[in-house]
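All values reported here derive from a predicted model rather than from experimental measurement. All heavy atoms count here, side chains included; hydrogens, waters and symmetry mates do not.
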Amino acid sequence: MSTSLVFGSDPELFFVKKGKVVPSSTVIPKDGLPVRDSGRIIRDGFQVELNPGSSFCRQIAASEIARAMRVLRDLEIRHKVEVSTEVGVVVDEETFKSIPLSERKFGCNPTENVYQEKLDRPTGARVRFRSGGGHIHIGLPQRFRGNEERIGELVKMFDILVGNSCVFFDQSPASTLRRKYYGRAGEYRMKPYGVEYRVPSNFWLQSYVLWSMVSGLCRQVVDLHYANFFNRLTKKVPLENVRKAINNNDKDLALENLRLLAEFIKEHDINLSSGLSVSNVDKFIRLVQSNIINQYPWKATRSEMFQDWETKLMYGADGFERTLDNVEI
């Protein structure tokens with residue numbers, strides 16, 4: 001039986017015009033913009049941050065993201081800008097210097113790391129590279145909330161199933177550069193409702209299927225932890241290799257880790273409704289080694305991205321598991 005979770009997110013994007021980044025302050029009001037029913041779109045320096053509503057169902061949570069994407073489409077038309085699907089951008093010097101220093105600085109609160117890794121991160125005042133995070137917020141059952149040991153175990157398992165899997169779909173050079181300072185293995189924040197997993201970039205915004213994959217794997221992690229699989233999983237899949245694969249965006253090492261995860265899934269006859277199971281893990285391995293991974297819906301253009309969120313969110317839309325079942329490899 002699946003545990004009761006609430007799915008949320010706060011992905012970041014960029015507006016561009018004639019190939020140049022447009023500061024979010026020129027498009028988004030200071031107090032942000034409401035999204036119908038729930039959620040907001042806010043400024044975050046040069047980035048535009050979506051704060052969609054959350055839900056116990058990953059598909060309903062996706063519909064909240066879709067509403068925010070529709071607002072972005074309206075903003076594109078109104079301000080004659082385009083949303084960029086890039087994980088990272090370099091702001092041109094003229095634009096960079098055109099906004100106040102306070103808006104150039106990174107506004108993030110301190111981030112925890114389960115491996116106690118400490119980084120000297122730039123303030124953002126002089127660095128013109130910006131990246132878009134795709135952090136996942138998970139509202140957890142009461143037994144996890146505020147329990148640092150259990151949260152730490154969950155984050156390590158997130159790295160094995162979620163962070164390592166994201167490497168295959170997030171192979172742009174900007175993603176590798178992002179990993180120098182942000183989105184490294186083990187990054188999280190404790191929250192009153194549970195945990196914020198800060199490793200993924202915004203790549204999963206390209207399609208509903210990618211959101212379904214990331215959120216479904218998160219549910220699987222919590223289910224496996226509930227079933228006391230933490231020690232067995234971390235003994236089977238070396239965390240140090242998972243860390244290296246994520247931090248270096250190393251697809252080959254991520255594949256080695258995935259193959260060990262597949263062995264673990266088969267050894268323990270894992271057949272959950274969300275994520276990877278005995279029935280689909282071998283096909284997932286074939287997928288990430290194939291050229292199909294570079295095609296829609298696993299990788300989408302800007303127009304495909306908007307079309308996807310517009311049309312695929314009626315109840316009954318195929319998520320990750322069904323799409324993987326149906327793809328021919």
Side-chain angles (χ1 to χ4, degrees), residues 7-19 21-22 24 27-28 33-41 47-55 57-89 132-134 136 166 168-172 174-175 200-216 287-288 290-329:
F7 298 103
S9 62
D10 63 347
E12 299 164 333
L13 293 155
F14 300 92
F15 283 123
V16 295
K17 189 173 186 177
K18 296 180 179 179
V21 176
V22 175
S24 62
V27 179
I28 307 296
L33 288 169
V35 176
R36 186 172 65 88
D37 295 338
S38 61
R40 294 190 72 77
I41 297 177
Q47 291 97 315
V48 179
E49 182 177 308
L50 311 186
N51 294 160
S54 57
S55 175
C57 169
R58 57 181 162 157
Q59 192 171 42
I60 296 175
S63 70
E64 297 287 344
I65 298 168
R67 290 190 181 102
M69 297 292 276
R70 292 186 189 111
V71 175
L72 288 184
R73 281 289 260 171
D74 292 340
L75 290 171
E76 281 192 323
I77 297 168
R78 194 182 317 157
H79 294 273
K80 296 181 171 59
V81 294
E82 286 190 353
V83 167
S84 170
T85 59
E86 296 296 324
V87 170
V89 297
I136 310 298
C166 289
F168 301 111
F169 301 87
D170 193 14
Q171 280 290 300
S172 76
S175 297
S201 78
N202 65 5
F203 82 95
W204 53 260
L205 275 174
Q206 292 178 59
S207 75
Y208 165 61
V209 167
L210 291 176
W211 158 259
S212 177
M213 178 189 77
V214 172
S215 52
L287 170 70
V288 301
S290 72
N291 289 329
I292 293 173
I293 198 174
N294 295 316
Q295 302 170 15
Y296 171 83
W298 312 105
K299 189 170 184 63
T301 64
R302 172 184 160 279
S303 60
E304 287 171 336
M305 175 182 73
F306 277 114
Q307 182 70 11
D308 192 274
W309 289 104
E310 283 288 334
T311 62
K312 279 208 165 182
L313 286 166
M314 295 179 294
Y315 295 135
D318 285 352
F320 166 67
E321 295 82 12
R322 188 173 296 177
T323 300
L324 182 59
D325 285 344
N326 292 337
V327 72
E328 294 184 9
I329 307 173

Evaluate the side-chain contact (heavy atoms from CB on, under 4.5 Å) criterion for residues Asp10 and Leu50: first the C-alpha distance (whole Å), next the side-chain angles of each, then the deciding distance (0.1 Å), finally the verdict. CA-CA 5 Å; Asp10 63 347; Leu50 311 186; over 6 Å; no

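- Below 30°, between 30° and 60°, or above 60°: for Phe169 and Phe203 the angle between ring planes is below 30°, a parallel geometry.
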| request: Could you give me the CA-CA distance, side-chain angles and deciding distance for Asp308 and Val209, then say whether side-chain contact (heavy atoms from CB on, under 4.5 Å) is met? | output: CA-CA 9 Å; Asp308 192 274; Val209 167; 5.7 Å; no

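- The aromatic rings of Trp211 and Trp204 lie tilted to each other, with the angle between the two planes from 30° to 60°.
- The backbone N or O of Arg322 sits less than 3.5 Å from a side-chain atom of Asn326, completing a donor-acceptor pair.
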Lys299 vs Gln206, side-chain contact (heavy atoms from CB on, under 4.5 Å): CA-CA, chis, key distance, verdict | CA-CA 6 Å; Lys299 189 170 184 63; Gln206 292 178 59; 3.5 Å; yes

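- The pair Glu64-Arg70 does not count as a salt bridge, with every side-chain nitrogen at least 4.0 angstrom from each carboxylate oxygen.
- Remark: the backbone N or O of Cys57 is paired with a side-chain donor or acceptor of Ser55 at under 3.5 angstrom.
- Considering only heavy atoms from C-beta on, Leu324 comes within 4.5 Å of Phe320 through its side chain.
- What you find for Val288 and Ile293 is that their closest heavy atoms are CA-CD1, 3.7 Å.
- For the pair Ser84 and Val16, the tightest heavy-atom approach, listed with the atom from each and the gap, is CB-CG1, 4.0 Å.
- When the shell of 6.0 Å around CG of Asn291 is examined, it contains 12 or fewer heavy atoms from other residues, nucleotides or ligands.
- Under a 3.5 Å cut-off, the side chain of Ser24 and the backbone N or O of Gln47 do form a donor-acceptor pair.
- Taking 4.5 Å as the limit, every side-chain heavy atom of Phe15 sits out of range of all side-chain heavy atoms of His79.
- For the pair Met305/Met69, a side-chain contact is recorded, criterion being any heavy-atom separation below 4.5 Å from C-beta on.
- For Arg302 and Glu76, the salt-bridge test passes: some basic side-chain N is under 4.0 Å from an acidic carboxylate O.
- In this structure, Ile136 and Val214 have side chains that are in contact, with non-hydrogen atoms separated by less than 4.5 Å.
- Across all their heavy atoms, Gly8 and Ser54 have their closest contact at CA-CB, 4.1 Å.
- Results of the side-chain contact (heavy atoms from CB on, under 4.5 Å) test with Leu75 over Val48, Ile28, Val83 single out Ile28 as the only residue that passes.
- At distances below 3.5 Å, at least one donor-acceptor pair connects side-chain atoms of Thr311 with backbone N or O atoms of Gln307.
- Atom CG of residue Asn51 and atom CZ of residue Arg40 lie 9.0 Å apart, to the nearest 0.5 angstrom.
- Between the side chain of Ser212 and the backbone N or O of Tyr208, no donor-acceptor pair lies under 3.5 Å.
- No side-chain N or O of Thr323 forms a donor-acceptor pair with one of Asp318 less than 3.5 Å apart.
- Put simply, the side chain of Thr85 does not reach to within 4.5 Å of the side chain of Thr301, judged on heavy atoms.
- For the atom pair CD of Glu304 and CD of Gln295, the computed distance is 10.0 Å after rounding to the nearest 0.5 Å.
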Exercise. Does the pair Ile65 and Leu205 meet the rule for a side-chain contact (heavy atoms from CB on, under 4.5 Å), with working shown?
Worked result: CA-CA 9 Å; Ile65 298 168; Leu205 275 174; 3.8 Å; yes

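- Taking every heavy atom of both residues into account, Gly88 and Ala174 meet most closely at N-CB, 3.6 Å.
- One finds the OG atom of Ser63 at 14.0 Å from the CZ atom of Arg58 (value rounded to the nearest 0.5 Å).
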